[in-house]
Amino acid sequence: MEPLFETLLFDHKIYHTKMPGHTPGPGRVFSTLIVGSEKALLIDTGYGIGDYKGYLEKLTDKPLIVVNSHGHIDHASGNCQFKEVWLSPLDYKVADIHTSLENRQRSKDLEGYEDLLIDGTYQRIPLHEGQVFDLGDRTITAYACPGHTEGSMMFLDSLSNYLFTGDNITRRVVLLGPVIGGTTLPEFYEALVKAESLNCAGIIAAHVPYIMEPSWIQKVKGIVEGFDPTKGKSPVINFNFQIPGVKPMEYTVGKDFDDPNYCGFVFDANHIDEFLGKKEG
Ligand SMILES: [Zn+2]
């Protein structure tokens with residue numbers, strides 16, 4: 001049987017672990033462990049499949065701090081394996097809906113893993129911009145990065161200077177807008193400007209199996225600046241969610257996921273005004 005978890009070891013003791021589940025796209029979903037001299041910090045917990053905590057104990061024996069980049073099904077469903085998890089309160093509601101056992105049992109992402117689903121309770125600690133996690137020889141600072149969800153966060157590591165961006169700055173960002181728990185495009189743009197000002201050395205995103213160049217932020221910014229809803233494409237590659245009332249289209253450059261230059265975002269063509277911040281969602 002294939003191992004449930006597989007880890008890519010980046011430099012500076014960063015472990016990018018491919019989590020079980022069927023997220024569309026070649027990258028699947030990764031949780032990331034950053035190991036310091038005194039403590040370790042884990043970003044995201046996957047779909048809640050199998051004994052991930054036991055797996056982590058083989059990677060580090062340091063006391064663990066657990067945070068979520070946001071509250072989605074493939075990032076926060078394993079939280080119940082840990083005593084406490086830091087998450088933006090703006091994503092509590094989305095996490096309740098996404099990570100419930102019933103929702104996961106219904107999800108196509110978890111087909112074949114039904115017998116390995118874990119569930120339980122844990123304590124949430126409200127995560128806000130400016131929170132600093134001291135790991136000993138390095139600190140990790142949290143910044144709000146709204147767009148993909150209202151409560152999306154990014155994390156800057158003082159040692160590697162890498163920026164961990166979850167689903168919010170990635171090869172293709174899902175921006176379905178304020179009607180279903182995301183933000184407007186101008187708010188997302190502000191988050192990109194903030195990310196750019198951090199002058200990071202590389203970007204580690206939750207669905208990408210390598211460290212992205214910091215210039216990717218400028219690339220996404222350029223695409224947002226040039227956004228033309230009439231040039232949206234459908235069907236959206238590797239995106240098979242059905243959300244009532246939502247018409248997903250992609251505004252992207254490049255051919256498909258295998259094209260390294262593929263970049264852009266998914267938007268909801270039924271709610272353009274709300275997305276552009278022109279009327280209350
Ligand atoms: Zn997400």
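First listed ligand is number 1; within each ligand, the first listed atom is number 1. When a residue number appears, it is its place in the shown sequence, counting from 1.
- Among the heteroatoms counted here (N, O or S) of His72, ND1 is the one nearest to the Zn ion (ligand 1).
- Within a 6.0 Å radius of NZ in Lys53, other residues, nucleotides and ligands contribute 12 heavy atoms or fewer.
- When the side chains of ILVMFWY residues are joined at heavy-atom separations under 4.5 Å, either directly or via intervening members, Leu42 and Ile49 end up in a single hydrophobic cluster.
- If you look at Asp167 and ask which of its N, O or S atoms sits nearest the Zn ion (ligand 1), the answer is OD2.
- Both Ile125 and Leu135 are assigned to one and the same hydrophobic cluster, defined by single-linkage of ILVMFWY side chains at heavy-atom distances under 4.5 Å.
- In summary, of the residues considered (Leu8, Ile204, Ile203), a side-chain contact (heavy atoms from CB on, under 4.5 Å) with Ile211 occurs for Ile204 alone.
- Put simply, Asp74 stays out of reach of the Zn ion (ligand 1), with no N, O or S atom under 2.8 Å from it.
- Here His70 meets the criterion, with an N, O or S atom under 2.8 Å of the Zn ion (ligand 1).
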